[in-house]
Amino acid sequence: MEIRRLQENDHELLASALWLLIPESERGSVASHAYLKQALGCKNCYFLLCLVDSTPVGYLSAFRFPAVENTSFQVYLYDIVVDARFRRKGIGTRMIEELKKCCIEDQVSRIWVGTSLDNEAAKRAFEITGARKVRETYIEYIYDLDEGA
Ligand SMILES: CC(C)(COP(=O)(O)OP(=O)(O)OC[C@H]1O[C@@H](n2cnc3c(N)ncnc32)[C@H](O)[C@@H]1OP(=O)(O)O)[C@@H](O)C(=O)NCCC(=O)NCCS
């Protein structure tokens, strides 16, 4: 088992991880390799995979931004998913620990993540990797900027 942060030329691996691990309902249209390469080349993007025999079984994405009100960099842990057949084997927590390592190297002061109130697996994975619960209610909104385009 290998956990690694993807680099610019790993676009094929990222494409196969998205195909294997992200539910069809959440995937939207298939991203081109050029688009994935651009995302992988962005220093503010963290894409981590867990590979077993070269096959992606875990995926994590996170994004860094400057919190200008206190001059620190923060990271939003946007997505984490482990293949259902490989859950409860420590893969989720290992990917989070790897993200923490990358963030410490990049002088990030805080990682921020949210999940639904009933997602026991995610809550446990965040707590045992050292996250502190700050709130228990949250409503999510989206601006669909491409609607009607
Ligand atoms: C959340 C998720 C990534 C965790 O990955 P994982 O590899 O199974 O996590 P780990 O094996 O590292 O387990 C972390 C902890 O959570 C616990 N855990 C895992 N699944 C659990 C469940 N269904 N209920 C309660 N605890 C659970 C584990 O036992 C472990 O705690 P422990 O060491 O005290 O036993 C995985 O369940 C998943 O892919 N879920 C679907 C996608 C999702 O909901 N992502 C989160 C969106 S915010």
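Values reported hereafter were calculated over all heavy atoms of this structure, with side chains retained and with hydrogens, waters and symmetry mates removed. Order of listing sets the numbers, starting from 1, for every ligand and every atom in it.
Remark: E97 does not engage R94 in a salt bridge, criterion side-chain N to carboxylate O under 4.0 Å.
Counting only heavy atoms from C-beta outward, the side chains of Y46 and R5 approach each other to under 4.5 Å. Residues I91 and M1 meet the side-chain proximity criterion, which asks for heavy atoms closer than 4.5 Å.
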Check each N or O atom of ligand 1 against all protein N or O atoms and list the pairs under 3.5 Å, with atom names and distances to 0.1 Å, one per line.
from     : atom 1 : to   : atom 2 : distance (Å)
ligand 1 : 7 (O)  : G92  : N      : 2.8
ligand 1 : 8 (O)  : R88  : N      : 2.8
ligand 1 : 11 (O) : R88  : N      : 3.4
ligand 1 : 11 (O) : K89  : N      : 3.2
ligand 1 : 11 (O) : G90  : N      : 2.7
ligand 1 : 12 (O) : T93  : N      : 3.0
ligand 1 : 12 (O) : T93  : OG1    : 2.9
ligand 1 : 26 (N) : R88  : NH2    : 3.4
ligand 1 : 29 (O) : R88  : NH2    : 3.3
ligand 1 : 34 (O) : R124 : NE     : 3.0
ligand 1 : 34 (O) : R124 : NH2    : 2.8
ligand 1 : 39 (O) : V82  : N      : 2.7
ligand 1 : 39 (O) : V82  : O      : 3.4
ligand 1 : 39 (O) : R87  : NE     : 3.3
ligand 1 : 44 (O) : N119 : ND2    : 2.8
ligand 1 : 45 (N) : I80  : O      : 2.8

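With sequence neighbours left out, the ring pair (Phe, Tyr, Trp, His ring centres under 6.0 Å) criterion links W112 to Y76.
A donor atom on one side chain and an acceptor atom on the other are found under 3.5 Å apart for N70 and S72.
To the nearest 0.5 Å, atom CG of residue L48 and atom SG of residue C102 are 5.5 Å apart.
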